[in-house]
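The sequence lines fix the lettering, A, B, ..., with proteins before strands; numbering per chain opens at 1. As a basis for the values below, the full set of heavy atoms in this structure was taken, side chains included, without hydrogen atoms, waters or symmetry mates.
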There are 2 protein chains.
Amino acid sequence: MLEIETVGEPGGEVGYDMPCTVGDRFDQIETPALVIDLDAFERNVARMRVASEQMGVRLRAHAKTHKSAAIALYQMEAGGACGVCCQKVAEAEVLVRGGVADILVSNEVIGEKKIERLARLAGRARMAVCVDDADNVADLSRIMARHGVSLDVLVEIDCGAGRCGVEPGASAVALAQAVDAAPHLVFAGIQAYHGKAQHIADPAERRAAIAASTEKAARTVSMLADVGLICRIVGGAGTGSFDLEGTSGLYTELQCGSYIFMDADYARIIGQGGGPLGGFEHALFVLTSVMSRAAPGRVVCDAGLKAHAVDSGLPTVFGRPDLAFSGISDEHGQIDDPAGTLRLGERLKLVPGHCDPTVNLHDWYVGLRRDRVETLWPVTARGKIW
Amino acid sequence: MLEIETVGEPGGEVGYDMPCTVGDRFDQIETPALVIDLDAFERNVARMRVASEQMGVRLRAHAKTHKSAAIALYQMEAGGACGVCCQKVAEAEVLVRGGVADILVSNEVIGEKKIERLARLAGRARMAVCVDDADNVADLSRIMARHGVSLDVLVEIDCGAGRCGVEPGASAVALAQAVDAAPHLVFAGIQAYHGKAQHIADPAERRAAIAASTEKAARTVSMLADVGLICRIVGGAGTGSFDLEGTSGLYTELQCGSYIFMDADYARIIGQGGGPLGGFEHALFVLTSVMSRAAPGRVVCDAGLKAHAVDSGLPTVFGRPDLAFSGISDEHGQIDDPAGTLRLGERLKLVPGHCDPTVNLHDWYVGLRRDRVETLWPVTARGKIW
C-alpha cells in the first residue's frame, strides 16, 4: 500500500503553534488534538478504491470532509479518486494551490466576485460547478467569457434533500438547455445528491429513499437525452449510500467524503450487508485528557464545543463502552465513569459525532502510526467558507 | 469615546486569505463572514465599564468569547477591565504574545507539559489559575518552583454548575490550605462561576439561582477567613447575571464575555429590569448571501454549520422578523421567506445562537463602521484549544 507522504516537521512552537511535533509519543501530544490513526485511514481509502473499481464507477472524493490538499492528493494517488469535490470557492482555491487539478464545486456559486474567483481557478485547473438558477447561468457564462475560460456545469436537481436544486424533469431540462446554449459553459450532466438519505440508519429504508431519488435522476437523464443533452456526469452519493448509487447503473461519480474517517453518526448506520457501512473503521479521533475528577461517578475532560461539533450528537469514547460522554459546554466535556476508573490526566480517544464540522475546528491533523506522531498535516482549508 | 485602534490592512489575498479588505463596502464582503458593528460593540464595552464602576467591582473580561488580543487590550484600555480570563493555556500564550499582561486561566490546567507552558507564561505576565485537586496543586507548585516563578491560585468551587470545582465549604478550605502551604503558589481566593444560571431566561428564577450559588460562595469565604485565608479574589459571573454578583457585596471580579457581542441566546434572556440584559445590543453577525431560491417560500443561504455554532439554537435574521432561519447543514442554511421577498445574492445579517463557539469558526473579524470595512482583526486564538 502506498503510504501517504509524510510532510516534514512543520515549523513552529509546540503549544503556541501546534499540539505536538513529529516523533512525539502518543502521551506527549497536548490535548485536545485531532488525531488520525494512519493505518485505519489508509485501509479506509483502499476499501473505497476497491469498492468503486468493482462497481465500475468513478470516485470523486469529497474534500469538504477533510479540507486538506494533502489528503485530496492521497485520495487521487492511492485511493482511486478521479478528482475531488468541495463546497466553497475558498476551499477550491486552497486545493488548487495545493496541487489538486480536477475539482467540482458541488454547490451553487453566486455573485460577481465569487464567480470571478471561480474563473481564475478555471484558468489553472479543471473546474466544474452546480447551478439551479437561470440568472446564475448567465452570470457564469458572462464572467467565464471575460476570462476566456471554460467551465463544466452540472444542473442540480432536488431529488429528495429539499435544499438546493431545481425540480427533476422539465425544470432541469430547461436549465440544462440554458447551460448548453451559454458560451464558455459546458453542460456536463446532473448533480443528484440526497444528503438526508445518507443518515437513515435502517438499510431497507435507506435503500427505498435512494431508489426514489435515483428514479427522479433517471427520469431527468432520460428527458435530457430526448433533447440531445447527454449526461457525461451523474453525480451524487455519500458514505451512507454509495453502494446503492454505485450499482444503480445510472450514477457515474460518487461523492463520498466521510468514509476516510467515519464518525459516531455513520457508525450507527447499518450497511446493506448488515455490518458497518463499507467495512469502514474509525480513523479520526479527538484526543482528550481528564481535567477534573472532583465529583464522584463522573469526570470532566478538556474537549468541549470548540473541539468537536455536536450537531449529530455527542461523541463516543473509543474502546470504552463502560464510559458515556454525557454533557458538553464550550471547553469541557462530561464523561460518566460510574466505576471511577479514570485518573486525572488520563487520555481518551473520542469519536466525533460528525466528522466534517469537527475537522473544521482544528488547525492540525496529528497523524499517528501506532504510538508515534508520524506527521502533522495542516487543515489547509479550515475556515475557508467564503 | 476611545475608538479601537485600527489594525493596518492585513497582508494577503482577498479570497484565498480573507473575505474582504479594509475600505471595502458592505456589499463587497465575500460571504459568509463574521462582522462586528463597531459602533454597537464600542457601546457595549462602555456599558459594562460604567456598570462595573457603579457597582464598585473589577471587570476581568472573558477572552474565551473573542479569542483576540486586540479586543482584550481594548477592553483593558477603554472598557475598564483589570485584565482578562481565558480557558486554555494556548489562548493565554496568544494573549501574552499579543501584549496582555494580566490573565486568569479560569480553568484547571493538568499535566506536566501544560503546566510547564503555564510556568513560562508566569515568567512574562501576571498569571492565575484555578484548581480542584490536591495532586494538581502539588504539580503546579513543583513546576513553578523549577521555573522560579510565582502563580496566583483560585480554588474553584462547584456552586451549582455541576462541572469542575470542589464542594463548597470544608473541601474548599482543605484545598486552599494545601495551596497556601505550597511553595511558589499564592492563594488568591475562590472561583465561583455558575454557568448554567447565565442562561435562565426568567429574571426571578435567575436571581434565585445566583442567590443560592452566592450563599455557597459566601459560606466558603467565611470558613476560609476562619482559618486565616483571605480571598482577595472572589471570581465568577457572566453576562446573564453580572448585575447580581456585582451587587452581592461578595464577588470582587466579574468574568463577563458575551456582553461585547450579544447573541440570540442571550437576547432571549430578560434583564432584572425587564429589558435586555445590561442594555447590550447585537454587535456580532454572520453575514450571509442567498445562494438558491429554487423552491417557493424558502431560500438557501451560504452559512451553515461551519459558519455558526448551533448548540444554543439556530441564528435569527437581524431586523427581519418576517424571515425565519429554519434549517442548517454543513454549508447551507434554510430561511423561510413565505412572501418571496429575497433575491438571489441578497445579503442578510444573522445573529448567531451562541457567540463563543461561532467566533471560534472564523479566521477574521470584519469590523464595520456603518457601511465600510474599517478593520480586519484576526481571531488570533481561534483553534487554540490545547
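Only the side chain of B:D133 has a heavy atom closer than 4.5 Å to any heavy atom of chain A. Contact of B:R120 with chain A is not made at all, since no heavy-atom distance falls under 4.5 Å. Within the 4.5 angstrom heavy-atom criterion, only backbone atoms of B:V290 (N, CA, C, O) approach chain A. Neither the backbone nor the side chain of B:A295 comes within contact range of chain A; no heavy atom of the residue lies under 4.5 Å from a heavy atom of that chain. Using a 4.5 Å cut-off between heavy atoms, B:V94 contacts chain A through both its backbone and its side chain. Interface residue B:K306: backbone and side-chain heavy atoms are both found under 4.5 Å from chain A. B:Q28 touches chain A through backbone and side chain together, each having a heavy atom under 4.5 Å away.
Distance alone, capped at 3.5 Å, is enough to place a donor-acceptor pair between the A:T380 side chain and the A:K67 backbone. Without hydrogens or angle criteria, B:D17 side chain to B:V14 main chain gives no donor-acceptor distance under 3.5 Å. A donor-acceptor contact shorter than 3.5 Å is absent between the side chain of B:E116 and the backbone of B:K113. Listed for the B:R347 side chain is a donor-acceptor partner under 3.5 Å among the backbone atoms of B:D27.
At a heavy-atom separation below 4.5 angstrom, chain A is approached by B:D158 within residues 154-161 of chain B. Below 4.5 Å, heavy atoms of chain A meet heavy atoms from B:S329, B:D330, B:E331, B:H332, B:Q334, all part of residues 327-335 of chain B.
Taking the ring-ring contact (aromatic ring centres under 6.0 Å, His included) definition, one finds that A:H354 meets it with nothing, sequence neighbours left out.
Applying the side-chain hydrogen bond (donor to acceptor under 3.5 Å, both in side chains) definition to pairs two or more places apart or across chains, those involving residues 286-300 of chain A are A:T31-A:S289, A:T288-A:D302, A:S292-B:D132.
For A:R117 and B:E30, the salt-bridge test passes: some basic side-chain N is under 4.0 Å from an acidic carboxylate O. Electrostatic pairing of A:E91 and A:K88 does not count as a salt bridge here, judged by no charged N lying under 4.0 Å from a carboxylate O.
When A:G162, A:G15, A:C164, A:G111 are compared by the number of non-hydrogen pairs under 4.5 Å with chain B, A:G15 comes out ahead.
Ring-plane geometry between A:H308 and A:F325 is classed as perpendicular, the angle between the planes exceeding 60 degrees on a 0 to 90 degree scale with a lower cut at 30.
The distance between the ring centers of B:H66 and B:Y365 does not fall below 6.0 angstrom.
With 3.5 Å as the limit, one finds a donor-acceptor pair spanning the side chains of A:Q87 and A:S106.
Between A:I115 and the options A:V129, A:V89, A:V109, a side chain to side chain contact (heavy atoms under 4.5 Å, CB included) holds for only A:V109.
Residues A:L95 and A:C86 are in side-chain contact: their nearest non-hydrogen atoms beyond the backbone lie under 4.5 Å apart.
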